[in-house]
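Input: a single structure, listed below in structure tokens.
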Amino acid sequence: MTAGPVHGTWEPRPAARWEDGFLSGNGHHGALVFGAPDDERVVVTHHTLVRPNGAEHAAPPRLAAELPGLQDRLLAGDLAAAEDFTDGRPLQWVQPFHPAFQIRLRRPDADARDYRRAVDFRTGEVTTATADWTSRVLVSRADDVIVQQVTAPALTLDITLDHRLPNAPARLGVGHGALLTPEGAVLSLRARYPDSDRGYTGVTLLAVTGGRLSLAAPGARVEGADSVLLLTRVRRHTGDLDVTEETRALRAVLAGRTYDDLRDRHTALHRTAYERVSLDLAADPAERALPGSELLARPGGTALLERLFAAGRYHLLSASGLLPPRLTGLWTGDWDTAWAGAFTTDANLNLQTASAAAAALPEVTAALAALVHRQRDDWRENARAIFGARGIVAPPHTDGESGLTYHFSREYPLHLWTAGADWLLKPLVDHDETHGGHDPRTAAALAETALFYEDFLTRTDADGHLVVVPSYSPENRPAGGSWGAVNAAMDLSAARHALRTAAAYHPQDAARLRALADRLPPHRTNADGALAEWAWPGLGDTYDHRHLSHLYAVWPLDEINPYDTPALAAAAHRALALRGTENDSAHGHLHHALIAARLRDGRRVGEALTRVLEGDFFHTSLMSAHYPHRDVYNADAAHTLPAVVIEALVQSTPDRLVLLPAPVPALPAGELRGVRTRFGAELDLAWDPDGARAVLRPHRTHRIEVRTSSGPEPLDLVAGEDHVLTLGTW
């Protein structure tokens, strides 16, 4: 029995599929642990591992000279005009993410009695144990190295670095190296991509205690040892890599340290981040003690929701560092990753990072900021080449290397989408609001986003409103029109938000930027009483679609809400009610839930959560799938679920706190601790059917409005003074 939520998960059986393998990561390297007791495998990944496929040379289409003609045709009523706005190239996918290799540990005559595997979210440590054998794996945040220790009496073990993972290219050039050293041995694997001068190299340093060590091509054999410590790194490079330098770096990390020493160095960083926020739903202690697979078979239990919340924060933190999480987080065991394992910025990445500010994970925001700022030169080229404009335009897909827009086709004219920079910058703005102050890099990016709109928004309608033309609502098309259209609701909201936010960061330009924002047209309500996805005559709504781009004004923005814009909120709610689920993708359900929470519809939040929890979306690793029945390994559901839970319980803006906005039957009672608010306070919330109690610990002196079921009340916060709020029955 356990006294509180379980900060980890476990299984009594081996993971036969890599998708069920437990995960560790530091935002650079990833480790995926699975396999049988006599053949344990650690799949090694790294955010930089993308396979050249021609996209490394791709550039955005140079269409700026044709833009005025396209705008003329669309405004004149040629609704299919954008289908010709292309340079005729075929669809070019970004460079696909792939695994490096697997570290294979083979034990003859392995004893599988008392088998148990587990992952500790507080330490990032994956443990596999039997009656006579223990393996521990973590990915160090302190030393950027995969650390593994194997212990057993008279341990006999064959160790190899094996590139043979599903769908590895047949012509992948692979070479192995093995060398005995004073510590034990060094194993290396060099891989060269087909028809490319690029490749990657993995190096594993073995330190053996007791027994005998020998080389057994292509790896090493340990006999009669007490333990083996493995340190592994992988690096992508052009040309050759000096393995000697990599070995020297691993020796510096080892430097006489034990596994426990290396774990403690890592845990000091990882645990601090992980434990900032916790969720306790008062689950049955007997359920809390169950393995994850049994909890998944009880989708109505609060213990499952507790564990998925904890796992979601753990996996999100572990996948974020050099870059934010990919479609697969930081992990894959297959070279053929769905949608290239890319960063998809028209919904998926944005959903996965939705909890970063509130769930106290600035590490995630920093990883997203690293992606944004590293690619801004490419974003400038997108604006110049496609739109003939200054400023920046973000791509809809990126492999993490290039930020150029080249992934588009007739049915997915993603090069027409201009809202991406605003959506990617929104979490950075949330971070600034949460922590106070303006990051100068965010300020600069906002200024460039506004600059793009100043150049791009030149056309007007009959009423004198600015027109967004061409315009695209990911990834939908209007009834009665084509994919490239006019005045998509998302584009209108993004332009307004970008201009007004840039004005807040740059007071000297505020009047000009706000005046431009005020010239954009209002949202349109259609004949069904719903917020229209396109605010342009003749463009009808297509309701059965997985994306909810048109409700961007509700979430993640605060443009439409039940308090300041009740009529528009009602229209947005009607649009949400009419939206179908199309292909039943997890990101569609949870996007629906986030918007429903902002609109105070707890029933819809609960229904969306139920679809995900009952739809068999989670592997026993507690990493998720894109479709029901664990179809297509994908991190959207795993990483987004904590944001949904928080939004149902607590919402904040720089001037407002909303408590229990969307009560969900699956959350009848509990305690949420450590949430950060956008007005600079930490918050603990405890609730049950009889009432609720919130404790605010503000870092800034500020007046806010508190919203509860009983209506709004002003609250003066004083930095350093706790404020206790009590609510009656909600």
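Computed from heavy atoms alone, side chains included, the values below leave out hydrogens, waters and symmetry copies.
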H626 and H587 aromatic centres sub-6.0 Å: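 Yes, they do, as the ring centres are separated by less than 6.0 Å.
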Over 12 foreign heavy atoms within 6.0 Å of CZ, R276: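 Enclosed.
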Please confirm whether the backbone N or O of [Y] pairs with a side-chain atom of [X], one donor and one acceptor, at under 3.5 Å?
X	Y	answer
R271	G124	no
S320	P324	no
Q651	A597	yes
N382	T405	yes
W10	A289	yes
R313	P642	no
W339	W93	no
D544	E582	yes
T640	L351	yes
N53	V94	yes

Taking only Lys NZ, Arg NE, NH1 and NH2, and the carboxylate oxygens of Asp or Glu, determine whether [X] and [Y] approach each other closer than 4.0 Å.
X	Y	answer
R477	E411	no
R598	E647	yes
R630	E19	no
D558	R678	yes
D280	R288	yes
K426	D422	no
E287	R307	no

For residues [X] and [Y], report the shortest heavy-atom separation together with the two atoms involved.
X	Y	result
A532	A489	O-CB, 3.6 Å
A494	A419	CB-CB, 3.5 Å
F34	V43	CE2-CG2, 3.7 Å
H407	Q92	ND1-O, 3.2 Å
T328	Y633	CG2-O, 3.7 Å
L590	L609	CD2-CD2, 4.3 Å

For the [atom1] atom of [X] and the [atom2] atom of [Y], what is their distance to the nearest 0.5 Å?
X	Y	atom1	atom2	result
L349	L368	CG	CG	6.0 Å
R122	H7	CZ	NE2	6.5 Å
E671	L281	CD	CG	10.5 Å
H547	S585	NE2	OG	7.0 Å
L685	L672	CG	CG	6.5 Å
H29	S318	NE2	OG	14.5 Å

Side chain proximity check, [X] to [Y], heavy atoms < 4.5 angstrom:
X	Y	answer
Y314	Y274	yes
R600	V658	yes
L548	L576	yes
V277	L361	no
H497	E559	no
W483	L416	no
I560	H523	yes
L295	F618	no

Check against side-chain hydrogen bond (donor to acceptor under 3.5 Å, both in side chains), D528 and Y543: CA-CA 11 Å; D528 295 321; Y543 291 125; 2.6 Å; yes
Stepwise side-chain hydrogen bond (donor to acceptor under 3.5 Å, both in side chains) test for H46 and T48: CA-CA 5 Å; H46 196 280; T48 60; 2.9 Å; yes
Test side-chain contact (heavy atoms from CB on, under 4.5 Å) applied to T337 and L327, step by step: CA-CA 9 Å; T337 46; L327 287 171; over 6 Å; no
side-chain contact (heavy atoms from CB on, under 4.5 Å) evaluation trace for L613 with L305: CA-CA 9 Å; L613 297 177; L305 205 50; 4.1 Å; yes
Parallel, tilted or perpendicular, judged at 30° and 60°: which one describes the rings of [X] and [Y]?
X	Y	answer
H639	H315	tilted
W555	H591	perpendicular
F408	H415	tilted
F343	H47	tilted

Identified side-chain contact (heavy atoms from CB on, under 4.5 Å) counterpart of V44 within the set V234, V139, L49: V234
Reference residue F22; test side-chain contact (heavy atoms from CB on, under 4.5 Å); the match among T127, V137, L32, V126: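 With F22 as partner, T127, V137, L32, V126 yield a single side-chain contact (heavy atoms from CB on, under 4.5 Å), made by V126.
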Pair E533, S473: side-chain N/O donor-acceptor within cut-off below 3.5 Å: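 Short answer, yes.
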side-chain hydrogen bond (donor to acceptor under 3.5 Å, both in side chains) between H589 and D584, intermediate numbers included: CA-CA 7 Å; H589 292 313; D584 214 22; 2.6 Å; yes
side-chain contact (heavy atoms from CB on, under 4.5 Å) between L622 and L296, intermediate numbers included: CA-CA 9 Å; L622 301 189; L296 290 168; 4.1 Å; yes
Check against side-chain contact (heavy atoms from CB on, under 4.5 Å), T581 and H592: CA-CA 9 Å; T581 58; H592 189 113; over 6 Å; no
